[in-house]
Amino acid sequence: QVQLVESGGGSVQAGGSLILSCAASGYDFSRCGMRWYRKAPGKGRERIAGISDYGEIFYLDDVEGRFTLSLNTAKTVMYLQMNNLKTTDPAMYYCYADYCSGPSGDLVGNWGRGTQVIVSS
């Protein structure tokens with residue numbers, strides 16, 4: 001089973017920034033619809049941002065204007081730049097391949113371990 005690997009989480013003060021990364025060795029996201037999710041304790045999993053295979057990006061209202069999703073040129077790494085972090089943002093953050101065509105189809109449906117984001121006031 002191929003896993004996406006998230007990294008970049010950490011502990012920051014409110015107002016601070018973090019950059020999360022998501023990659024899967026040997027795969028690219030050029031023909032995938034990719035998503036960022038988060039799950040806070042006691043809450044359900046929340047889809048916060050995504051990009052389609054033709055490059056359209058969307059954000060959850062709560063993070064729009066603060067978070068930016070991007071891909072590297074090779075489309076092998078997906079980033080989530082998180083600015084002006086709030087005390088409501090702490091959660092485990094996951095990336096997910098919602099759909100992929102071609103060989104990257106191996107990525108679909110597989111959750112990684114996530115990366116923890118902690119925000120202190």
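- Between P90 and V117 the shortest side-chain heavy-atom distance does not fall below 4.5 Å.
- Atom-to-atom distance recorded for T68:OG1 and Y79:OH is 14.0 Å, nearest 0.5 angstrom.
- Among pairs with a residue in residues 59-79, those fulfilling salt bridge (charged side-chain N to carboxylate O under 4.0 Å, His left out) read R38-D62, D62-R66, R66-D89, at least two apart in sequence or across chains.
- No side-chain heavy atom of M78 sits under 4.5 Å from any side-chain heavy atom of S21.
- Looking at residues two or more places apart in sequence or on another chain, you find a side chain to side chain contact (heavy atoms under 4.5 Å, CB included) between S11 and I118.
- Closest approach of S121 and A14 over heavy atoms only: CA-CB, 4.4 Å.
- Counting heavy atoms from C-beta on, the side chains of L60 and R47 never come closer than 4.5 Å.
- Taking every heavy atom of both residues into account, C22 and M34 meet most closely at SG-CE, 4.4 Å.
- Distance check, rounded to the nearest 0.5 Å: CG of L20 to CE of M82 gives 3.5 Å.
- In this structure the side chain of L4 never reaches within 4.5 angstrom of the side chain of Y94, judged on heavy atoms.
- In this structure, A97 and C100 approach most closely via the heavy-atom pair CB-SG, 4.0 Å.
- Considering every non-hydrogen atom in both V12 and S17, the closest pair reads CG1-O, 3.8 Å.
- Residues S120 and Q13 meet the side-chain proximity criterion, which asks for heavy atoms closer than 4.5 Å.
- Nearest approach of C95 to E6, heavy atoms of both residues: N-OE2, 3.0 Å.
- The salt bridge (charged side-chain N to carboxylate O under 4.0 Å, His left out) analysis of residues 98-121, with sequence neighbours excluded, yields the pairs R35-D98.
- Using a 4.5 Å heavy-atom cutoff, the side chains of I48 and Y93 are in contact.
- Residue G8 comes nearest to L18 through the heavy atom pair O-CD2, 3.9 Å, listed as atom of the first residue, atom of the second, then distance.
- Here the CD1 atom belonging to I19 is positioned 8.5 Å from the OG atom belonging to S70, to the nearest 0.5 angstrom.
- Remark: aromatic rings of F67 and W36 are distant, center separation not under 6.0 Å.
- Note: S30 OG to L71 CG = 9.5 Å, rounded to the nearest 0.5 Å.
- Side-chain polar atoms of T76 and D28 form no donor-acceptor pair below 3.5 angstrom.
- Taking the side chain as every heavy atom from C-beta outward, C32 and Y96 never approach each other to under 4.5 Å.
- Atom CD of Q116 has more than 12 neighbouring heavy atoms from other residues, nucleotides or ligands inside a 6.0 Å radius.
- L107 and V5 fall into different hydrophobic clusters, where Ile, Leu, Val, Met, Phe, Trp and Tyr side chains are chained together by heavy-atom contacts under 4.5 Å.
- Residue F58 holds its CZ atom at 8.5 Å from OG of S52, rounded to the nearest 0.5 Å.
- T87 OG1 to L85 CG: the interatomic distance, rounded to the nearest 0.5 Å, is 10.0 Å.
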